[in-house]
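Comments concern the structure below.
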Amino acid sequence: MNSIFEKIEGQICKVVKDAFTACENKGILPKIQIEDILVEVPRERGFGDFSTNIAMQVSKQAKMPPRKTAELLVSEFNFSGTYIERTEVAGPGFLNFYLRKDWLYDSLHIIQEKQDRYGEVELGKGIKVNVEFVSANPTGPLHMGNARGGALGDCLASVLKKAGYDVTREFYINDAGNQIEKFGISLEARYLQIIHGEDKVEFPEDGYQGEDIKDHARAYFKENGDILVEKSAEERRKILVDYALPLNIKKIREILEAYGVSYDVWFSEKSLHESGAVKKAIDFLIENGYTVTKDDAVWLNGEKLGLEKDEVLVRNNGIPTYMAADIAYHYNKFITRGFDWAINLWGADHHGHVARMKASMEPFGINGDRLEVVLFQLVRLYRNGELARMSKRTGKAISLEDLLEEVGKDAARFFFNLKTSGSHLDFDLDLAVKQSNDNPVFYVQYAHARICSLLRKLKEEGIEPKSIDSVDLTLLQEKEEIELIRKLSEYPEEVVQSAKTLEPSRLTRYVMDIAANFHSFYNACRVKGEDEELMMARIILVDCTRIVIKNILELIKIEAPEKM
RNA sequence: GUGCCAGUAGCUCAGCAGGAUAGAGCAACGGACUUCUAAUCCGUCGGUCGGGUGUUCGAAUCAUCUCUGGCACGCCA
C-alpha cells in the first residue's frame, strides 16, 4: 500500500456499496446503478475527514430527496474493519465520514517505510511515454519560452515517472529545413560583411539578426580567413552551417544541463530526411489517397481527415515541409520505437498545429489521442514595469542563459512551475533579479533547512531517532501536528492528480503547503526538551516532513539545503 | 472574419469529472524571538468569480450570447 488515501477510498466505497445493496434487499431503495463513488477531502474540517456526494448523485434514481437517501444508507452502514468511526448526513445530502486517528499514524508508517520512494504510484503501470519538450531551433539562443517549456516538460516527465510510467525525455533537433537555410544565408551575409564591409553586403530582410550570428561568422573568419569567398554560395552556406550548428546544439545542451534538464534522446530531424523516413511517410499518404496535388505541390487532404483546410506536405520545389517531417517523426515515435503515448510541450502559438498532427496519425492506424499536446502560454517579460518584447531577431531578448546567471536554476525552475501551463506568465525581470525574500523557493528550502538543523542539533546532544515501531505516535494530538500529518498523507494522491492533469505545478504548490504546515507546527510545538515519548513521536513527524519535502524538491530538481 | 487560450480579493494566481460559508501568497494594518534557524508564526482587512441568459434541487465550474486581453489562421516552424 503506497497511499493511505487509496485505502480509505476503498473502505468508504465498500461501506457505501454494501449499504446500497442492503437497502435494495430490504426494498427501501430501488435498484440503483452506481457509477464511480467520488470520495473527497472536504474543504472544511467541520465536515469530517472525507466525504462523498453519492446520495445527491443518485437522487433521481432513488426517487427521493438526497438527504433521505443518505439517511437510509447510514442506517445500513457497517464500519467493521475500517478506519471509519462515525458518519453524518450534512448539507444538501453529503455523507461525511469521521475517522479514527490511526489512519494518520499509519500514513507516517508508510512514509518511514517508503522513504524516498514515498509518493510512487502505479497509475502508469509501465506504459511507455515519450515527453518531448523545448526542441528549440538551433539557430539561436534559448529564450524564455524555451525556459518555461523546459521547466514544465522536465517536471512533467518526473511526475509521470513517479506515477509509474516508463518515461523518455526527448529533444527534437530541427537541423533541417527552411530555418537552416535562413541560418546559412544569415551566416553567409555576416561572413561576407566582415570581408567586404557591412555596407557592401546586404543583410537579408528575414535573416537572423542576432549577435550570435555575427559571433559565429567572426569566429569562423578568425580560424579560416576568407577561404569561402571563392566557393559557390551553396557550398559556402553549407560549410558555415556545418561549423556553427554543432556549436549551437552543444551550447543548448550545456545550458539545459545547467538548468537541470537532461535528455534521454536527442533526435535529429535531418536523420529522418536522410534515412528516407520522410519520403516513406509522404508516399504512404499519397498511395492511400490522403493527399491532393495542387499548383505542383502535394497537400494533405484536409477534408478527408476532418481538418479545416489542406496543408502543404511537399512544396512545388520538391522540398518537404516541416509538417511532412513531423508526421514521419511521430510515426517513428509510435511505430518504429513503440511508444504508447507521446506528449509534446508546445508554446501556445503552435496550437493550430495540434489538430492536424493528431489527424495525420490516423492514416497510419495510430489513434490521434495517443498524441497529447500540452500548450503553455508564452512568457511575457516585464522590465521597469513595462512589457519587454522578446525576439530572437532583435538580439536584445533575455536568454535562458542570462536568466540562469541572474536568478539561478532553483528560482527559475520554481517560478516556471508555480502556475498552470495554460495561464499567462508575467515574468518580472526586476523582481526575479532582485532575488528577494518573497521568492517562494526560499520559503520551502528554509523549511527543509530548519528540519535538518533541528535533527542535527538533536544528534549533537546524543538524541537519536527511534524506530517508528517503538514510538507512541498517538501522542501527536495538537492541531498543528494533525494538520501536518494530514498534508503529508496526501502526497501520493497529489502525484496522481498531477499526472492525470499533466500539471506538475500542482506539486510545487503542494510542497509550499507542506512548508506552511511545518512552519506552523514548528512555531506551535517544541521537539527538543519535551518529554522523551513526545519528543520521539515529534522527531518521527519532523523526519517524515523532511522526507516528503526532499522528495518533491528532488523531483522538480531544486536544491534541498541542509543549512541556510 | 474564423478558431484556440485566458478573465476569480489592490497585485500574482489556486479552485472548474456542478455541490456545503469561493481559497492561498504578496501588499496593507496589528501582534509574537531569555528556549530546536523570526528567510518564521498568529490575527485583521479585502470578492457583483468580466457581463447577460439558460440547464437543475444546486453554477466560479456546464451550454449559449456578449465584452476585454493574448495567440493562431503562410508552399514559416
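Protein chains get the first letters and strands the later ones, always in sequence-line order, with residue 1 at the start of each.
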query = Which part of the nucleic acid does K182(A) contact within heavy-atom distance under 4.0 Å: base, sugar-phosphate only, or nothing?
reply = nothing
Whether F94(A) stacks on the six-membered ring of rA20(B) base, 5.5 Å and 30° limits = yes
query = Taking atom types as they are modelled, is there a donor-acceptor pair under 3.5 Å from the base of rA20(B) to the side chain of N96(A)?
reply = yes
query = Checking all strands, does R506(A) fall into the base, sugar-phosphate, or nothing category for heavy-atom contacts under 4.0 angstrom?
reply = nothing
query = How is D310(A) classified with respect to the nucleic acid when contacts are heavy atoms under 4.0 Å: base, sugar-phosphate, or nothing?
reply = nothing
request  = Report the nucleotide, chosen from rA6(B), rA77(B), rA17(B), that has the shortest atom-to-atom distance to any side-chain atom of N174(A).
outcome  = rA77(B)
ask   = So, N344(A) versus H350(A): side-chain donor-acceptor pair below 3.5 Å or not?
value = no
Integer-rounded Å distance: rC76(B) P and H353(A) NE2 = 14 Å
inquiry  = Applying the Watson-Crick and G-U wobble criteria at under 3.5 Å, what pairs with rA32(B)? Answer none if nothing qualifies.
reply    = rU40(B)
ask   = With distance as the sole criterion, do the side chain of S505(A) and the base of rA14(B) form a donor-acceptor contact below 3.5 Å?
value = no
note = Assigned chi class of rC33(B) under the 90° convention is syn
message = Within 90° of 0 counts as syn, otherwise anti: where does rA24(B) fall?
response = anti
Pair of N/O donor and acceptor under 3.5 Å linking rC75(B) base with N316(A) side chain = yes
Nearest non-hydrogen partners of F416(A) and A151(A), listed with the distance = CB-CB, 3.7 Å
task = Have a look at C452(A) and say if it touches a base, only the backbone sugar-phosphate, or nothing, with a 4.0 Å heavy-atom cut-off.
result = nothing
query = For Q477(A) and E481(A), does a side-chain donor sit closer than 3.5 Å to a side-chain acceptor?
reply = no
request  = Would you classify R67(A) as touching base, sugar-phosphate or nothing, given that sugar-phosphate means primed atoms plus P, OP1 and OP2, and contacts are heavy atoms under 4.0 Å?
outcome  = nothing
inquiry  = Heavy atoms only, 4.0 Å cut-off, all strands: where does H519(A) land among base, sugar-phosphate and nothing?
reply    = sugar-phosphate
side-chain hydrogen bond (donor to acceptor under 3.5 Å, both in side chains) evaluation trace for N130(A) with E170(A) = CA-CA 7 Å; N130(A) 180 293; E170(A) 184 154 322; 2.8 Å; yes
query = Using a cut-off of 4.0 Å on non-hydrogen atoms, how would the nucleic acid contact of A447(A) be classed: base, sugar-phosphate, or nothing?
reply = nothing
task = Find the partner of rC62(B): check Watson-Crick (N1-N3 plus N6-O4 or O6-N4) and G-U wobble (N1-O2, O6-N3) distances, both under 3.5 Å, and reply none if neither fits.
result = rG54(B)
ask   = Is any N or O donor-acceptor pair between the side chain of H350(A) and the base of rA77(B) shorter than 3.5 Å?
value = yes
ask   = How would you label the contact of R509(A) with the nucleic acid (heavy atoms, under 4.0 Å): base, sugar-phosphate, or nothing?
value = sugar-phosphate
query = On a whole-Å scale, what distance lies between the C1' atoms belonging to rU35(B) and rG10(B)?
reply = 40 Å
ask   = Are OP1 or OP2 of rU12(B) and a side-chain N or O of S423(A) less than 4.0 angstrom apart?
value = no
request  = Measure the distance from CZ on R43(A) to C1' on rU61(B) and round it to the nearest whole Å.
outcome  = 11 Å
ask   = Between rA32(B) and Y522(A), is there an OP1 or OP2 to side-chain N/O distance shorter than 4.0 Å?
value = no
message = Distance check, P atoms only: rG46(B) and rG3(B), in whole angstrom units.
response = 42 Å
ask   = How is D295(A) classified with respect to the nucleic acid when contacts are heavy atoms under 4.0 Å: base, sugar-phosphate, or nothing?
value = base
inquiry  = So, OP1 or OP2 of rC76(B): does either fall under 4.0 Å of a side-chain N or O from R315(A)?
reply    = yes
inquiry  = Using OP1 and OP2 only, check whether a side-chain N or O of T420(A) sits under 4.0 Å from rC13(B).
reply    = no
message = With rounding to the closest Å, how many angstrom separate the C1' atoms on rC42(B) and rU55(B)?
response = 45 Å
